Structures are given as C-alpha cells and as structure tokens.
Amino acid sequence: MGVVPTIDLSDERGGVASAIDAACRDVGFFQIIGHGLDADLEAAAWSVARQFFRLPLAERKAVSIPDGDAYGYGSFAIERLAASLGDVTPPDLKETFSIGPPASRAESVDEPAAAFVFSETPWPATMPDMEPVMRSYYDALAELVGRLMSFMATGLGLDATAFESSIDRHTSALRLLHYPDLSDHGVQPGQMRAGAHSDYGTLTLLRQDDAPGGLQVRDVSGEWHGVPAVDGAYVVNVGDALERWTNDRWRS
C-alpha cells in the first residue's frame, strides 16, 4: 500500500471525514473516488485539452497570458515551480493553459490586488467549444471542492459548514498541463517536468493520466514516493493556506 490512501466519498458507512483527517495529518495527500463527477464532462474536458495542445504553436501563443494578468497559455519551459521554495533549477519541461474564475466577479472585491485574480481568460478563436466545456468543468470541480471542504471540516471536529464563508467567493484556477515528448528537446541536469513545490492555496485537485513516472510526494522523513494513477480518481493535496488554517495540524 502506498503512502497516499484512496478514499471513496460515496462510502455510506461513514469514516470518510476521519480518513481525510488522517491522510492530511500524515502526508497531506489522498486520492478520491466516488466523487460523482459526470464522466462525459470529464472526457470532454480531457479531449478539449488534448486538442488545444495540438494547435499550431502560433495559435497557442495567440492566447498567451497577457502581461500583468494570470490566465491563458504558458509556453513550454517558461515556469520554474521549484523557485517557489527558493531553489534554482532549469525551467520545467511542460506547457500550460490556465483558466480563472469569471472576470465579472471582480466587481465583488474592493482591493486591486485581489481583483488581479479575476483577470480575463483568453480563448482560442479556432476552438469555440473550449470555453463552454471548460467552464462547465470548472463549475463541477468547484462544487466538488465545496463537498470536500465539508468533509474536511467534519474531520477537524467542526460543523460541516465551517469553511463555507471562506470559499463562497473563491478564486480557483483550472490549469491544463501538457508534458510533450522530449525527443526534440535537450534536457539539462536537474531539469524536471514540474519541480518540487508546495501549493500556496487551500487545496489542489489533480487528475493524472496513466503515464509512468508521474507524480511523486515527499513524506515526513524526506523520502519521495510515486503516486500510482487510480482510474477515475483525483489526487487531493493540502495547500499552504489550509495548513495555516489548521494551525499546522495538516501538512502542505
């Protein structure tokens, strides 16, 4: 059995909240099944993501993240996640597309720095179906996070609604990640697909494919462990904010 447990959210025997609490205390990661997301919507989102990253580079770059904004296309090898920990590494061997919350929500915040996270998401003109599919997927994932936060509150011994007032105007981002074949790219010593990091938000949901050698997590002793892809599952990891909210009871 791996260090990252798989938890069935549909298990009616109870114990889901306590299992989440144990996972968050011990390693800060778990996988969820029985989450109830529409399989057709998941497949459509996966298909659209693949289609986007097959677009000619010029079309992808046409929706690059504008200066000063947060969302859109991030070119190959432009990001260094390990820099968030102060580590100096070569750039990560991936490309991304980031989708933010509806820009109209910026009207609900008064602080300019907060309004930054409601910047517009640019969409490729040649893929008119991308925005509606990804918006539907974004909303479905946000609803799932709400249910997860309810289980998490219960696992902490709080009322199930304890986190609702903290996430009712959430600024979640949906990121599509593509790790292209490296046969045409040189790989530098120490260069990774995504460098070691912790996530700074509340929590992250990650849908893996079945490619070998993917996600790894570090345990309390500093040892790294692979996280096998479970069919239909999402990996959940505790972010820095949730570690702080729980007074370090849970690990980011």
Side-chain angles (χ1 to χ4, degrees), residues 41-42 44-107 109 111-142 170-188 190-201 204-209 211 214-215 239:
L41 176 58
E42 291 178 298
W46 203 258
S47 175
V48 164
R50 286 196 175 103
Q51 185 181 346
F52 172 78
F53 289 115
R54 291 186 185 123
L55 290 176
L57 181 59
E59 293 186 32
R60 281 175 277 155
K61 285 194 169 184
V63 290
S64 292
I65 302 171
D67 289 343
D69 284 358
Y71 310 113
Y73 175 64
S75 298
F76 179 77
I78 200 173
E79 186 175 64
R80 292 175 172 84
L81 285 177
S84 64
L85 300 180
D87 295 334
V88 179
T89 67
D92 296 340
L93 297 166
K94 68 177 186 297
E95 56 183 337
T96 66
F97 187 86
S98 300
I99 300 156
S104 60
R105 291 187 190 171
E107 300 171 359
V109 297
E111 174 57 49
F116 163 79
V117 295
F118 295 106
S119 54
E120 294 278 357
T121 300
W123 301 96
T126 55
M127 291 184 60
D129 58 334
M130 185 175 183
E131 181 176 8
V133 168
M134 287 302 171
R135 284 294 174 205
S136 294
Y137 192 42
Y138 180 104
D139 290 342
L141 291 170
H170 67 86
T171 57
S172 303
L174 170 59
R175 300 192 81 204
L176 315 179
L177 308 178
H178 181 230
Y179 304 96
D181 182 82
L182 297 177
S183 57
D184 295 329
H185 303 279
V187 179
Q188 302 175 51
Q191 195 167 24
M192 304 185 73
R193 291 294 200 172
H197 64 284
S198 64
D199 288 339
Y200 52 79
T204 298
L205 298 181
L206 174 66
R207 181 67 180 265
Q208 296 195 92
D209 63 13
L215 175 68

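Note that this is a predicted model, so its numbers are computed, not measured.
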Atom of Pro102, atom of Phe118 and distance for their closest heavy-atom approach: O-CD2, 3.8 Å

Quick one: side-chain contact (heavy atoms from CB on, under 4.5 Å) partners of Val63, sequence neighbours excluded? Phe52, Tyr73, Phe97, Pro122, Pro124

Would you say the side-chain atoms of Ser64 pair up with the backbone N or O of Lys61, donor to acceptor, closer than 3.5 Å? yes

Side chain to side chain contact (heavy atoms under 4.5 Å, CB included) for Glu131 and Ile99? Distances and angles first, verdict last. CA-CA 9 Å; Glu131 181 176 8; Ile99 300 156; over 6 Å; no

Ignoring hydrogens and geometry, is there a side-chain-to-backbone donor-acceptor pair from Thr121 to Gly100 under 3.5 Å? yes

For Leu174 and Tyr138: C-alpha separation, side-chain torsions, deciding distance, then whether side chain to side chain contact (heavy atoms under 4.5 Å, CB included) applies. CA-CA 7 Å; Leu174 170 59; Tyr138 180 104; 4.0 Å; yes

Roughly how far, to the nearest 0.5 Å, is CD of Glu42 from CZ of Arg207? 4.5 Å

Glu95 side chain near Tyr179 side chain, heavy-atom distance below 4.5 Å: no

For the residue pair His170 and Ala142, what are the closest heavy atoms and their distance? NE2-CB, 3.7 Å

Could you go through Arg50 and His178, starting from their C-alpha distance and side-chain angles, then the distance that decides it, and tell me whether this counts as side chain to side chain contact (heavy atoms under 4.5 Å, CB included)? CA-CA 8 Å; Arg50 286 196 175 103; His178 181 230; over 6 Å; no

Sub-4.5 Å side-chain heavy-atom contact between Arg60 and Ser75: no

Quick check: closest heavy atoms across Pro132 and Pro128, and the distance to 0.1 Å? CD-O, 3.3 Å

Sequence neighbours excluded, the answer for ring-ring contact (aromatic ring centres under 6.0 Å, His included) partners of Tyr137 is none

Heavy-atom distance under 4.5 Å between the side chains of Leu176 and Thr96, does that happen here? no

Answer yes or no: is there a side-chain heavy-atom contact under 4.5 Å between Asp209 and Trp46? yes

Rounded to the nearest 0.5 Å, how far apart are CZ of Arg54 and CD of Glu59? 14.0 Å

Given 3.5 Å as the limit, does a donor-acceptor pair link the side chain of Arg175 with the main chain of Ser98, or not? no

For the backbone of Val117 and the side chain of Thr171, can you confirm whether one donor and one acceptor N or O come within less than 3.5 Å of each other? no

